[in-house]
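Naming convention: chains lettered A, B, ... in sequence-line order (proteins, then strands); numbering from 1 in each chain.
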There are 2 protein chains.
Amino acid sequence: MQPMPTRLPPADRDEIVRTAENLFREFLRDRGLKYTDEREDILGAVMGTDEHFEAEQLLFLMRQQNLRVGKATVYRTLKLLVECGIVKEVHFSNKQVHYEHTYGQDPHDHMVCRRCGRIIEFDAKDVARLRTLIAAEHRFHALAHRFQIMGLCETCTKSCPIGPQARLLGGRKKKRPNKEPGTRRT
Amino acid sequence: MQPMPTRLPPADRDEIVRTAENLFREFLRDRGLKYTDEREDILGAVMGTDEHFEAEQLLFLMRQQNLRVGKATVYRTLKLLVECGIVKEVHFSNKQVHYEHTYGQDPHDHMVCRRCGRIIEFDAKDVARLRTLIAAEHRFHALAHRFQIMGLCETCTKSCPIGPQARLLGGRKKKRPNKEPGTRRT
DNA sequence: GTCAATGCAAACATTTTGCAACTCT
DNA sequence: AGAGTTGCAAAATGTTTGCATTGAC
């Protein structure tokens, strides 16, 4: 879906996928849960995507590969994968939750372009350091963070030097989308 | 709802509420929109809360004060207030959106205790500085950020010195809290 | 053989929308 | 007067759940 989403040499990749599978299997076993075909397929699909995705997209992707699983199972399994630490939730919009697999990747956070929606990842090391510092100041024990920078990517900045925030992503949409004439009144 | 939620001397407060009203009025006028009683009431209610709230809560609060507005209007107006910069969206859970008015306050971000849900605010200056730095590195023009630290507050850290993350907030809810491992293991 | 997992559809919760009546400006 | 606004209830989302059936261990 994007130019070069892969962040790892394909050699390491298989290795990592395998390790993730083992991790998940153990995680399930420890809890008396089962490693089913569906769960295996879903993990496979997740690990095969280096993009951010939403539940429905994953489902669609799997259907294209002739892997048939129910929507509910996807949701249920994603939840497990999050608990297990292989997948992370990302909250870009206020709508659906996005996911990304983070297993075998360096921790990173995201920049979101408000105009074109492009997403840029950046190393989270500095953020993590700052978070620990801030937490300590408040006697808080930091376990994780969510960080997101919103703004304009290089391209969009150029094409809109000053544009007084003219119609940024997320602005209100026009009225009538497309309506069909008819009697609706109750 | 909390010890000392107010962050401003009451004197400044009225001043700020008034300024916010003006800001909103201008914002509306500039766009050919109207400053209606409902919008005024909603802004009032919003400015009267130093807490984070969700749409439905605000509605409830207003009803208690005999201010009757429709739910749809609340949603529509909150959206305007966000656009206007008086209100900010906060995303604590994956469920509903939370809001807070930020007008006249120092920018801050939040720490969320995973155990008790407590929310601690902290100055966002350092975060903002870091965000600008990171953005510049990627030739990105930062306009805003979302930052949230998840972990354990002081109290909860004490009451759970090491607790291997036993049932943190946000964990799965179903199933009985602590069940006996019957015949797992094979 | 058991207990958990699946798929489906119905249930949910939150937010958005269409529309007729109504109100600022 | 007229464009914008309101409230209501219906619709739209995205996610979860109940339950009978299927499947892993």
Side-chain angles (χ1 to χ4, degrees), chain A residues 24-43 53-60 62-63 67-80 82 89 91-99 170 172-186, chain B residues 24-43 53-60 62-63 67-80 82 89 91-99 170 172-176 179-186:
Chain A
F24 192 36
R25 206 183 261 116
E26 267 178 50
F27 170 87
L28 292 173
R29 185 169 3 89
D30 288 351
R31 310 188 155 214
L33 305 180
K34 291 163 185 171
Y35 190 67
T36 62
D37 290 351
E38 288 83 358
R39 286 178 179 167
E40 179 166 16
D41 287 346
I42 291 170
L43 175 57
F53 58 89
E54 41 196 272
E56 210 77 53
Q57 281 176 352
L58 190 71
L59 191 64
F60 179 71
M62 294 184 69
R63 292 241 161 98
L67 301 173
R68 349 206 87 263
V69 282
K71 171 188 302 196
T73 303
V74 168
Y75 277 105
R76 289 187 275 230
T77 304
L78 281 173
K79 200 163 284 185
L80 289 172
V82 168
E89 292 187 352
H91 304 254
F92 290 132
S93 78
N94 321 333
K95 298 247 168 220
Q96 356 65 308
V97 178
H98 284 75
Y99 301 87
R172 82 251 230 65
K173 23 252 168 163
K174 269 290 108 167
K175 292 206 150 176
R176 59 176 56 190
N178 64 338
K179 100 151 203 199
E180 145 123 19
T183 30
R184 189 165 272 316
R185 242 332 357 186
T186 27
Chain B
F24 192 35
R25 208 184 258 116
E26 267 178 51
F27 169 87
L28 292 173
R29 184 164 9 83
D30 289 352
R31 311 189 154 210
L33 305 179
K34 290 164 184 170
Y35 190 68
T36 62
D37 290 351
E38 287 83 358
R39 287 177 180 167
E40 180 167 14
D41 288 346
I42 292 170
L43 175 57
F53 57 90
E54 40 196 274
E56 211 77 51
Q57 282 177 351
L58 190 69
L59 191 63
F60 180 70
M62 293 185 70
R63 292 240 162 101
L67 300 173
R68 348 204 89 261
V69 281
K71 171 188 303 196
T73 304
V74 168
Y75 277 104
R76 289 188 274 231
T77 304
L78 280 173
K79 199 163 285 185
L80 288 172
V82 169
E89 291 185 352
H91 304 255
F92 290 132
S93 77
N94 321 332
K95 298 250 167 215
Q96 355 66 306
V97 178
H98 283 77
Y99 300 88
R172 80 260 226 63
K173 30 257 162 164
K174 238 205 105 170
K175 317 239 146 148
R176 65 214 81 162
K179 105 171 186 188
E180 239 359 282
T183 23
R184 348 196 115 150
R185 298 237 131 242
T186 319

(request) Apply side-chain hydrogen bond (donor to acceptor under 3.5 Å, both in side chains) to A:Gln96 and list each qualifying residue two or more places apart in sequence or on a separate chain. (result) A:Glu54, A:Ser93
Distances under 3.5 Å only, N/O to N/O: pair up the protein atoms with those of nucleotides 23-25 of chain C.
{"residue": "C:dC24", "atom": "O2", "partner": "B:Lys34", "partner atom": "NZ", "Å": "3.3"}

(message) So A:Arg76, base contact, sugar-phosphate only, or nothing? Heavy-atom distance under 4.0 Å.
(response) base
(request) Could you tell me which non-hydrogen atom of A:Leu43 sits nearest to which non-hydrogen atom of A:Tyr35, and how far apart they are? (result) CD2-OH, 4.5 Å
(message) By nearest heavy atom, map B:Gly32 and B:Lys71 onto DNA chain D; which one lands nearer the 5' end?
(response) B:Gly32
(request) Using atom CZ of A:Phe53 as one end and atom P of D:dT15 as the other, report the distance to the nearest whole Å. (result) 12 Å
(request) Taking all non-hydrogen atoms of both residues into account, name the closest pair between B:Ile42 and B:Thr73 and its distance. (result) CD1-O, 3.9 Å
(message) Distance check, rounded to the nearest 0.5 Å: A:Lys34 atom NZ versus A:Arg39 atom CZ?
(response) 9.0 Å
(request) Kindly give the heavy-atom pair with the smallest separation between B:Glu89 and B:Val82, and that separation in Å. (result) CG-CG2, 4.0 Å
(message) I need the minimum non-hydrogen distance between B:Val69 and B:Arg63, along with the two atoms involved.
(response) O-NH2, 3.4 Å
(request) Could you check how far CZ of A:Arg68 sits from C1' of D:dT22, rounded to whole Å? (result) 17 Å
(message) D:dT16, OP1 or OP2 - any side-chain N/O from A:Tyr75 closer than 4.0 Å?
(response) no
(message) Looking at A:Glu40 and A:Arg25, is any side-chain nitrogen of the basic one under 4.0 Å from a carboxylate oxygen of the acidic one?
(response) no
(message) Expressed as a whole number of angstroms, how long is the span from A:Leu28:CG to D:dC25:P?
(response) 10 Å
(message) Categorize B:Arg29 for me: base, sugar-phosphate, or nothing, with a 4.0 angstrom heavy-atom threshold over every strand shown.
(response) nothing
(request) Ignoring the backbone of A:Arg39, work out which of C:dA5, C:dT14, D:dT15 is nearest its side chain. (result) C:dA5
(request) Would you name the heavy atoms of B:Phe53 and B:Leu78 that are closest together and state the gap between them? (result) CE1-CD2, 4.2 Å
(message) Taking only side-chain N and O atoms of A:Lys79, does any of them lie within less than 4.0 angstrom of OP1 or OP2 on D:dT16?
(response) yes
(message) Roughly what angle, to 10°, lies between the helix axis at the start of the helix from C:dG1-D:dC25 to C:dT25-D:dA1 and the one at its end, five pairs per end?
(response) 40°
